[in-house]
Each structure stands twice: as C-alpha cells, then as structure tokens.
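Take a look at the structure below.
These numbers come from the heavy atoms of this one structure, side chains and all, not from hydrogens, waters or symmetry mates. Just so it is clear, the structure is predicted and the values come from calculations on it, not from any experiment.
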There are 2 protein chains.
Amino acid sequence: MASTRPKPRKLSSAKLRSAAFRRVRADHQSELAQDYVELIADLIDERGEARGTDVALRLGVANATVVKALKRLQDQGLVSQEPYRAIFLTGDGWKLAEDGRRRHKIVERFLLALGVSAETARIDSEGIEHHVSRETLAAMAKFLTRN
Amino acid sequence: MASTRPKPRKLSSAKLRSAAFRRVRADHQSELAQDYVELIADLIDERGEARGTDVALRLGVANATVVKALKRLQDQGLVSQEPYRAIFLTGDGWKLAEDGRRRHKIVERFLLALGVSAETARIDSEGIEHHVSRETLAAMAKFLTRN
DNA sequence: GCATGATTTTAGCCATGGCTAAAAAAGATT
DNA sequence: AATCTTTTTTAGCCATGGCTAAAATCATGC
Ligand SMILES: [Mn+2]
Ligand SMILES: [Mn+2]
Ligand SMILES: [Mn+2]
Ligand SMILES: [Mn+2]
C-alpha cells in the first residue's frame, strides 16, 4: 500500500478561501445557460414561441450574441432550433428552466419579504439567484413561510 | 425643435427585463477587481505584504492568471507593483477594498443570521455580495440590528 | 412570381479570464 | 563566485461573451 499524505487537522485558510472562489466561478459558468432557458421558457409560455430576437431584446444584447450563445446551448443539449425558426427547449432544457424559475421565484419573494421594493427585488434577484446554495435557498423559503 | 418620441406610459416588459440583465453584467465586470483588492488588503493586514503567489493560492487560480489580472488592475489605478515584488494598493484600491469588505461582511453576517452554517455563509456570500444593491444591503443591515 | 424591404445569420473583431510550458530572475549552497 | 534550485514572469494557447458590418434569407405587395 502506498503511503498516504497525513490528513491536515484543519483545512488551511488558503484552501478554504479558494473553495469559495471556485464555487463562484462555477456558478458563473452555468449562469448564462440558466438565464437563457428560463427566458425562453417564459417566452414560450407567454407568447407561444420564443424567437431569437425576443431573447436578445429582453437580455439587452445584440442579436448576433444570442445566435452564438444558442449554438453553444444546442451543443449542450438544452435547446433545439433550425435557422430562421423559433427556439425549442429539450427535456433537459425544460428541467433546467423549471429549476431556475423555482429558485428565482424564492429569491425574489424573499427579497420582497425582507422589505425592498419590487423593482429592486426584481433586479437584485437576477444576479443573486445563481449564488444561492441549496442550504441558503431552504433558509429563504423557511423565512417566507414564517412571514 | 426636433420632434420628440412620446414617453411610453409604462416601460415595456422587455425593457424592464433587460435592465436587470444589464445590471448583472455590470456587476460581473467589477467583480474581479473587487475580489482582488479585498484579498490583497486582507493579506497586507494579516501578513504585512501581499505576494502574487498568495493571491493565486487563495483565489484557486494559476500564478500566470494573477500576473495578467494584476496588470489590468494596475492600468485601472487600483494596485501598484514592480516585478518580483509585493503588491500595493493605491488610494483608490484601498477605498474599493474597504467598501467591498463592508458589503461582504454585512452579507455574510446576514446569511448567518438567517440560519445557514458558517461554511455556507462564507461560500455563498462570496458571490452574492456583488449583486446586492444599496437598498438590499440596507435591508440586510436592518435585519441584523433586529436579530 | 418577383422585386424589394425587413429580418436573421455569418464573419470577424475585441476584452476577459482561464490554462501550460518555457524563459528569466532571485535566492541558496557550497 | 559559480552553480543549482526555486520562484516568478512571459509567451502563447483556448473558450466565453460581447460587438458591428456584411451577406443571406424570408416575407410582402404588387
Ligand atoms: Mn439570472
Ligand atoms: Mn454573479
Ligand atoms: Mn468580497
Ligand atoms: Mn466576491
């Protein structure tokens, strides 16, 4: 049996800290996909279909940016589309969208319950939602039931 | 006088939504600088100086990544350094660091007060801090004084 | 059914933030 | 002082996410 390195009694402060930053970077990796599928799901529900142009308008980016991003999402198996046609979500895409909606809703309602304006809750939750762990989300949900 | 477009009675839903995404993108733009200067300030306070290597270790990225980022921060007037030497914060750098520390502390303590573990508060706050508006921060601070 | 106008995609640019491998500088050892 | 080891920087690669301008496609009116 190979000799094993002794397990450190305590995680070094540097290790601890880097874990947090790694998590943030991972969150940001999945953020774009999450926001896209959530938005696409909303458009499909509200208007029957999601067009690239509507996505661009609502994200506040150029059309070309959306086209490129959608290609990546298609490679990731989250959306399907043909040129000049509306965008569809795959099964995985819908799953991710639903999950995002659920988390987003909890965060936004939580901020409202905390006493901020509707405007601020809407805006801040758009960024915060991606950094809320399962544990924190549960704590927010609990707070909501008690208020 | 040129004719002016009539002011819309209500902001369109698309405009409203894109404003939130624009804010998130702006937050992410300033995030890296904020985390760097905060970390550098901590290192200076705790150990007397901040070395690039320590920054890399604590951020969990490669050394080369830090070297490049520090160059950008230098261009932005937030840090000053000479090759093979420790990193210093400029006046602006210290201001940004202090501001970041303050916000970070409030967010972390707020999560703790909400009932999540110390570990989770530490990790989640690292991402959330950058998306908390002045109004939400104030609401969190208020919650803290009442608990 | 074709011309023309509007929409959408493609092409290609840029900055950021990550990486590894090679080069250079600093620091230790003898 | 010269060498050898360790640390730090440089060079150069890649993916992402943004943009504008040009090309391609679609759709409409005639
Ligand atoms: Mn979001
Ligand atoms: Mn974020
Ligand atoms: Mn911070
Ligand atoms: Mn942070």
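- Where A:Arg22 and B:Tyr84 each meet DNA chain C at their nearest nucleotide, the meeting point lying more 5' is that of A:Arg22.
- What you find for B:Val107 and B:Glu129 is that their closest heavy atoms are CG2-CA, 4.2 Å.
- For DNA chain C, the contact window with chain A, defined by any atom under 4.0 Å from a protein heavy atom, covers C:dT8 to C:dG18 in 5' to 3' order.
- A heavy atom closer than 4.0 Å to some atom of DNA chain C occurs in B:Ala64, B:Thr65, B:Lys68, B:Arg72, these being the qualifying members of residues 63-80 of chain B.
- Look at A:Lys105 and A:Glu108 and you find no salt bridge, because none of the NZ, NE, NH1 or NH2 atoms lies under 4.0 Å from a carboxylate O.
- Across every non-hydrogen atom of A:Asp124 and B:Ser133, the tightest pair is OD2-OG, 2.7 Å.
- Evaluation of the ring pair (Phe, Tyr, Trp, His ring centres under 6.0 Å) test over residues 15-55 of chain A, restricted to residues two or more places apart or in two chains, returns A:His28-A:His131, A:His28-B:His28.
- Across all non-hydrogen atoms, the minimal contact from B:Gln76 to B:Ala33 is OE1-CB, 4.2 Å.
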Exercise answer: donor-acceptor pairs, residues 45-68 of chain A side-chain atoms, under 3.5 Å, sequence neighbours excluded:
| residue | atom | partner | partner atom | Å |
| --- | --- | --- | --- | --- |
| A:Asp45 | OD2 | A:Arg101 | NH1 | 3.4 |
| A:Asp45 | OD2 | A:Arg101 | NH2 | 2.7 |

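- Residues A:Glu135 and B:Ser117 share a closest heavy-atom pair of OE2-N, 2.7 Å.
- A salt bridge is absent between B:Lys95 and B:Asp99; no separation between the charged side-chain nitrogens and carboxylate oxygens falls under 4.0 Å.
- Residues B:Ser125 and B:Leu111 share a closest heavy-atom pair of N-CD1, 3.9 Å.
- Residues from residues 28-35 of chain A placing a heavy atom under 4.0 Å of any atom in DNA chain C do not occur.
- A side-chain contact (heavy atoms from CB on, under 4.5 Å) with B:Leu73 is found for exactly one of B:Leu78, B:Leu96, B:Thr90, namely B:Leu78.
- Between atom CD of residue A:Glu126 and atom CZ of residue B:Arg17 there is a gap of 7.0 Å, rounded to the nearest 0.5 Å.
- Taking every heavy atom of residues 36-57 of chain A and every atom of DNA chain C, pairs under 4.0 Å involve A:Arg51, A:Thr53, by number.
- Residues A:Ala113 and A:Leu144 approach most closely at CB-CD2, 3.8 Å, considering heavy atoms.
- Taking atom CD of residue B:Glu82 and atom C1' of nucleotide D:dT9, one finds them 15 Å apart after rounding to whole Å.
- Both B:Leu89 and B:Leu32 sit in one connected hydrophobic cluster of ILVMFWY residues. Membership requires side-chain heavy atoms under 4.5 Å apart, directly or through other members.
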